[in-house]
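Chain identifiers are assigned alphabetically (A, B, ...) following the order of the sequence lines, protein sequences preceding nucleic acid strands; residue numbering begins at 1 within each chain.
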There are 2 protein chains.
Amino acid sequence: MRRADFQRKTRVIVVDDNYDHASGIRELINLENDYEVIANAGNVNVALSLIKKYQPDIVLMDMNMPDIDGITAISEIEKLNVKTRVIALTGYDDADLIFRAMKIGAKGYILKTMASAQLIHALDEVAQGKVYLPNVLCSKFFDYFQNYEKNEKQNAKEDEENLLNYLTNREEEVLGLLTQGVTYKGVAKKLFISETTVKTHVNNIFQKLQVNDRTQAVLYAINKGFMNRQRVKIAV
Amino acid sequence: MRRADFQRKTRVIVVDDNYDHASGIRELINLENDYEVIANAGNVNVALSLIKKYQPDIVLMDMNMPDIDGITAISEIEKLNVKTRVIALTGYDDADLIFRAMKIGAKGYILKTMASAQLIHALDEVAQGKVYLPNVLCSKFFDYFQNYEKNEKQNAKEDEENLLNYLTNREEEVLGLLTQGVTYKGVAKKLFISETTVKTHVNNIFQKLQVNDRTQAVLYAINKGFMNRQRVKIAV
DNA sequence: ATCTATCTAGATCTAAAGGTTTAGATTGAC
DNA sequence: GTCAATCTAAACCTTTAGATCTAGATAGAT
């Protein structure tokens, strides 16, 4: 791995099972002074060994590969622990695909239908260590992202079906300790009350949460986002 | 909810405890034909009731408020279930703050130091239902996002410190039932073994996970991503 | 002033959980 | 063939956990 870094060109590997398309991209990039395509790969396995060998600066990864899907390919590249940055490339602006690609570490995402200037622009940005997402895709990403987070939270939402809302402050405190695996005796000590009082509280908690034992109570609490609620409470 | 939408102006509420700053923004926005600031709010509580009453199209929310922090404010707005879209506004480009704001549903994020043209641009984008994040902040967001996801995964990773790896298949099965709140008797029935056998397994589990009771075992399992593992196992 | 909710705590009981030891049966490894 | 790991299960015991009933103290509401 010799490195003669005097204004070395940014080295790119193109991964696309469509040879014509890969060649097109290659020529397009080679027109630029700052970039050189050092290899093409027609499938993910070849790509992985090439990346391991040459450690390119950037990989342009087609997401519609026959054998292994693009997402898996990207996460395999991430596992190699090389400095290579991946730009995903597809024909569709599927929000889920964009989200998952960015989630596992893609530094950019562009559509094949986009102008070639945009491809070069993406390379420029990513080569500088930035992330590149065209505005259209960025919007899609955030829509998906926010829905995703909303669903995560929905389990924890404050209203209607959440039996945690019927708990008193003291009961919440007790439940908080239960969710840390503390025993009756432990809770009693921490709250400076007697063990029988703790038992009373715990029994009331069971009634309100409609469960039979502490394990179920803890599971209910976790599923309904009790931990989040706790953090808020402490912050206030 | 009457809607007489004949090119009605986009209605904006500005939330900022600094009166001068809020006024500045107000005037700036009112210069535009398409927007009108219908109210200012100096604190979050006032803002919330104004938003509930007027249901503006956009809220410009300063994130550095004295009483309640901006993140809480935004999530309170989201809870109102109005169509209002929030653009966050701060002096700092703190990645964590940007990430959390977008996570809970902000549709845009801009810095006070940015040119006023950018503010209008943000309004335009958000008014159209898009998400607006300046490139600089977008990069910050993605850096944070990708690190965040990496950490999430680390908790569930298969290697080293995870005591779950020492469990035998049978013990994993038993633990799986414990994490559903099943009792000894229940586990015995489901696995067609005697209750004492279950106890033996559970005791071994406690030893291996270095815990004292089922609640702690369940909590350990959940924290170490045992549920994910289960899903995989069922899928196979 | 009375009523209701909440927090406290006692007594008493049963059921469940957990600890320890021992041991038979099976399987795969060396 | 022996060894180690695993799954099974008994006996015996101690400790928690959970259920129920009763009841005093306090605070807020009507």
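At a threshold of 4.0 angstrom between heavy atoms, the contacts of A/Thr197 include nucleobase atoms, whether or not backbone atoms are also involved. Contact annotation for B/Thr196: base contact, defined as any heavy-atom pair under 4.0 Å involving a base atom.
Look at CD1 on A/Ile205: it is 12 Å from P on D/dA19, rounded to the nearest Å. Taking atom NE2 on B/His201 and atom C1' on D/dC7, their separation rounds to 5 Å, with Å as the unit.
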For this session: Take B/Tyr35 and B/Asn30 through the side chain to side chain donor-acceptor pair (under 3.5 Å) test and state the conclusion after the steps.
Result: CA-CA 6 Å; B/Tyr35 298 97; B/Asn30 282 339; over 6 Å; no
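Counting only N and O atoms by type, the side chains of B/Tyr184 and B/Thr196 include no donor and acceptor under 3.5 Å apart. A/Thr197 and A/Thr200 are not linked by any side-chain donor-acceptor pair at a separation below 3.5 angstrom, with hydrogens and angles left out of the test. B/Tyr54 and B/Thr84 are not linked by any side-chain donor-acceptor pair at a separation below 3.5 angstrom, with hydrogens and angles left out of the test.
Within residues 182-195 of chain A, the residues approached by DNA chain D to less than 4.0 Å at the level of any non-hydrogen atom are A/Thr183, A/Tyr184, A/Lys185, in residue-number order.
OP1 or OP2 of C/dG19 has at least one side-chain nitrogen or oxygen of B/Asn203 nearer than 4.0 Å. Considering only side-chain N and O atoms, B/Thr168 lies under 4.0 angstrom from the phosphate OP1 or OP2 of D/dC7.
In terms of position on DNA chain C, the residue among B/Asn212 and A/Asn204 whose nearest nucleotide sits closer to the 5' end is A/Asn204.
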Give me the distances for all protein-to-nucleotides 23-30 of chain D N/O pairs that come in under 3.5 Å?
none

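Under the 30°/60° scheme for interplanar angles, the aromatic rings of A/Phe141 and B/Phe145 are found to stand perpendicular.
Remark: the backbone N or O of A/Ile51 is not paired with any side-chain donor or acceptor of A/Gln55 at under 3.5 angstrom.
Classification of B/Glu36 and B/Arg11 as a salt-bridged pair fails, no side-chain N sitting under 4.0 Å from a carboxylate O.
Here the nucleotide nearest the side chain of A/Arg214, chosen from C/dT8, D/dG18, C/dG18, is D/dG18.
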